[in-house]
Amino acid sequence: MGGNYRLRQLHSSCPIPTINFQSAKPKNSYPSKKTSTSQNNKKKQNFSTTDSDIVKWNIAITTHMRNGLCESALRVFNSMSRRSSVSYNAMISGYLRNHKFDLARDLFDKMPERDLFSWNVMLTGYVRNRDLKTARALFERMPERDIVSWNAMLSGYAQNGFVDEAREIFDKMPLKNGISWNGLLAAYVQNGRIEDAKRLFESKMDWTLVSWNCLMGGFVRKRRLLDARSVFDRMPVRDEISWNTIISGYAQNGEMEEARRLFEESPIQDVFTWTAMVSGYVQNGKLDEARSIFDRMPEKNSVSWNAMIAGYVQCKRMDMARELFEEMPSRDASSWNTMITGYAQSGYIAHARNLFDNMPQRDSISWSAMIAGYSQNGCSEEALHFFVEMQRDCERLNRSSFTCALSTCSNIAALELGRQLHCRLVKAGYQTGWYVGNALLAMYCKCGSIDEARDAFQEILEKDVVSWNTMIHGYARHGFGEEALTVFELMKTTGIRPDDATMVSVLAACSHAGLVDQGSEYFYSMNRDYGITAKLVHYTCMVDLLGRAGQLEEAQNLMKNMPFEPDAATWGALLGASRIHGNTELGEKAAQIIFEMEPHNSGMYILLSKLYAASGRWSDAGKMRLEMRNKGVKKVPGYSWLEVQNKIHTFKVGDTSHPHTDKIYTFLEEMDLKLKQEGYISSTNLVFHDVEEEEKVHMLKYHSEKLAVAYGILYIPAGRPIRVIKNLRVCEDCHNAIKYISKIVGRLIILRDNHRFHYFEGGSCSCRDFW
DNA sequence: ATAGGGTTAG
């Protein structure tokens, strides 16, 4: 590289022959500060450099570097006959500013005499490069340190989630200033340790305005509005940021009236204030109010446009979103990403792909949006392909792309990839901090590794309500109702208030574990103990709980008497219960109502036709299928997939496209014999009657989950669990067969369907056949 | 002339 070569020359050929400054001077390249003619004359006369000349050249270097012109800066540097350490420092700092880390380090290593500035510049370089280990080593090697060095080290730790290390530095510093105090405060706030932040704040007076804002922002992020407000009220001085923080706090929490009142009271409304209001209304589903504010904004930037677009996207009004997207003056990556997400989640994956291909600059969010889109649309192979490409494309995953990637792993249940991400996350120093812990926890839950989920949960230092909810929900979905309730009891002792989401998980846990009485008790305790008003979703949980336990009468009574109109999910719970307990009449009634609510819900047709088939009403079952065809309802195709050696293998019904198809089918044929010996009978009455008996058996045999399980048994080493994911609910016959298979092959088979986890082991399933 | 911090909207 030219730059390196020239540097080497520079250092090996000292002293450099004096050159004519005038001719080497780049045109218009340095500040036209007045220079006395006498000095210039003197310079010309004896070809020597004065100190004030060096200063001028140094300024030139800095100017070039600030404009991103590293080459020009280097040219100036090379042309100098004498250099001070400032010249070197300016070069090093400039290289770092322009992300040329290696050049900076080379020059630092080669410079003749390093002063405190040089060390501090380099220290910051390592910190910015997030190489805390090397930064610390350099810090220890420094011949002397001043408060700048200490603060740089402190903030390095703080920004990368090493709160305890930051605290260590803070405690060791011989001298602290406002920056040091605020650095530690921000470390706590950014890493979610709001209680520590609060304690620190109370330990001293005379905080700067920024620190007041910082603490208030921390409370807002934790949704502790009362605490945030008390900080706001106690602040000795307020700036725009203080007002904007509290206003957006209220807006994000749906308290729009208070937000509006403060908006009017605020001395200044800037683009932040206005946008906070717009997004507040958007987040509370009040699109018209949001739009009217948006239209009245005196000044908009891309964030404001994006907030409004996101509002339309949320309501799946992609036409309106598109209109604004086309109309906005300058789109940033976020605008594109919002649209991509919107299209992908509305099922327009091709539209999403089109935008993705055409956007000027993709970031990790764009990739994640496509991956999530593909996996939600059942295209897990494309999802995985994009995932691998993303890692290649993004040179460094940042904290939020890690979180996105983790949630992608959760969606497609790619446990191995998730584990790898976990390792890379630790290496990058991101294992703690906002959201990352919860994302890891959720990943392990959804990927079906409840033990690793528990470990991840225990590693979260300051568990928030989301952490607890995720853990409880995870246990519930895995069928570990008792464990879920134990965690819930533990949560109550920590002083974290359960919220309505907690209670959904708790009720679901009772439901999956068949704990009717306990579930009812929890349901009544919601309001009594925690002041939580039961929402429709809680009633639906109760219908599910009672229904599964066979108390269909009670379930119906609850639906009649509850203060809400049942929605499709409520009726769905009743339908599921009717199916389990063979009550065709009730199931039919529920299904009819769901048809009216969701005429294109293919799952319901299939569930109902199975219900008919199960009770031998073949013609009704056939009618359902015909009606489905007439109405143009498309059946969502069933997929199952599993991860083997970092690859996702996807199967659909009767799939023969897999390279190991022959082995899989041979295995299943052999398994068939063994199954029969074990007493398994294929429940052929569960498929449509107008299929020939022989074909029926065939269809059942080749369901996607069976193919995936077979592949797993063949290619996953003995002793390891086989984890299969299905995008729909597991077929009843397959469920039955897999129970037997688990016994015959002596393997643990973990199946995630779109409702819960099934642990097949030794001939039985953790769902106890209720799902 | 060169080095350190933090807060608000998508």
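Sequence lines set the chain letters: A, B, ... in the order given, protein chains first and strands last, and positions in each chain run from 1. Hydrogens, waters and symmetry mates play no part in the numbers below; they use all other heavy atoms, side chains included.
Checking dA3(B), dA1(B), dA9(B) against the side-chain heavy atoms of Asn58(A) singles out dA1(B) as nearest. When distances run from any side-chain atom of Ser93(A) to the nucleotides dT8(B), dA1(B), dA3(B), the shortest one goes to dA3(B). Comparing atom distances between the Ile241(A) side chain and each of dT2(B), dT7(B), dA3(B) picks out dT7(B) as nearest. Taking the side chain of Gln159(A) as heavy atoms from C-beta on, and the options dG5(B), dA3(B), dA9(B), the nearest nucleotide is dG5(B). In the set dA1(B), dA3(B), dA9(B), the nucleotide with an atom closest to the side chain of Asn301(A) is dA9(B). With dT8(B), dG5(B), dG10(B) as the choices, the nucleotide that has an atom nearest any side-chain atom of Val303(A) turns out to be dG10(B). The side chain of Asn213(A) has dT7(B) as its nearest neighbour among dT2(B), dT7(B), dG10(B).
Considering all non-hydrogen atoms of both residues, Gln269(A) and Glu264(A) come closest at NE2-O, 4.1 Å.
If you take CE of Met235(A) and P of dT8(B), they are 12 Å apart, rounded to a whole angstrom. Put simply, CE on Met111(A) is 12 Å from C1' on dA3(B), counting in whole angstrom units. Across the protein-nucleic acid pair, Trp305(A) atom CH2 and dA9(B) atom C1' stand 16 Å apart, rounded to whole Å. The CG-P distance, from Asn120(A) to dT2(B), rounds to 14 Å in whole Å. Atom pair Asn160(A):CG and dG4(B):P shows a separation of 16 Å (rounding to whole Å applied). Distance Asn177(A) CG to dG4(B) C1': 8 Å, rounded to the nearest Å. With rounding to whole Å, Asn244(A) atom CG is found 8 Å from dA9(B) atom C1'. Taking atom CD1 of Ile247(A) as the reference point, atom P of dT8(B) lies 14 Å away to the nearest angstrom.
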Working note: Phe139(A) + Trp150(A), criterion ring pair (Phe, Tyr, Trp, His ring centres under 6.0 Å); need CA distance, chi angles, decisive distance, verdict. CA-CA 9 Å; Phe139(A) 180 79; Trp150(A) 286 95; 5.1 Å; yes
ask   = Run the salt bridge (charged side-chain N to carboxylate O under 4.0 Å, His left out) check on Glu202(A) and Arg199(A) step by step: do they pass?
value = CA-CA 5 Å; Glu202(A) 281 161 359; Arg199(A) 213 169 303 128; over 6 Å; no
- Query: Between Asp357(A) and Arg353(A), does a side-chain contact (heavy atoms from CB on, under 4.5 Å) hold up when you go through it step by step?
  - Reply: CA-CA 6 Å; Asp357(A) 287 341; Arg353(A) 178 61 185 268; 3.2 Å; yes
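Counting non-hydrogen atoms under 4.0 angstrom, Val86(A) reaches a base of the nucleic acid. If you check every strand for non-hydrogen atoms under 4.0 Å, Ser211(A) touches nothing. Within the nucleic acid shown, Leu116(A) has no heavy atom closer than 4.0 Å to any nucleic acid atom. At the heavy-atom level, Thr208(A) lies under 4.0 Å from base atoms of the strands shown. Across all strands shown, Arg66(A) has heavy atoms under 4.0 Å from sugar-phosphate atoms exclusively, and none from any base. Within the 4.0 angstrom heavy-atom criterion, base atoms lie near Asp146(A). Nucleic acid contact class of Gln283(A) (heavy atoms, under 4.0 Å, all strands): sugar-phosphate only.
Remark: Gln252(A) is not in phosphate contact with dT8(B), judged by side-chain N or O atoms under 4.0 Å from OP1 or OP2. Taking only side-chain nitrogens and oxygens, Arg83(A) never comes nearer than 4.0 Å to OP1 or OP2 of dA1(B). OP1 and OP2 of dT8(B) both lie 4.0 Å or more from every side-chain N or O belonging to Ser248(A). Taking side-chain N and O atoms only, Arg128(A) has a distance below 4.0 Å to OP1 or OP2 of dG4(B).
Under 4.0 Å is where a charged nitrogen must lie from a carboxylate oxygen, and between Arg75(A) and Glu71(A) no such pair does.
Side-chain atoms of Leu116(A) and Ser149(A), non-hydrogen and from C-beta on, do get closer than 4.5 Å to each other.
If you check distances only, the side chain of Asn306(A) does reach the base of dG10(B) with a donor-acceptor pair under 3.5 Å.
Cation-pi contact between Lys204(A) and Trp181(A): present, with separation from the ring centre below 6.0 Å and deviation from the ring axis of at most 45°.
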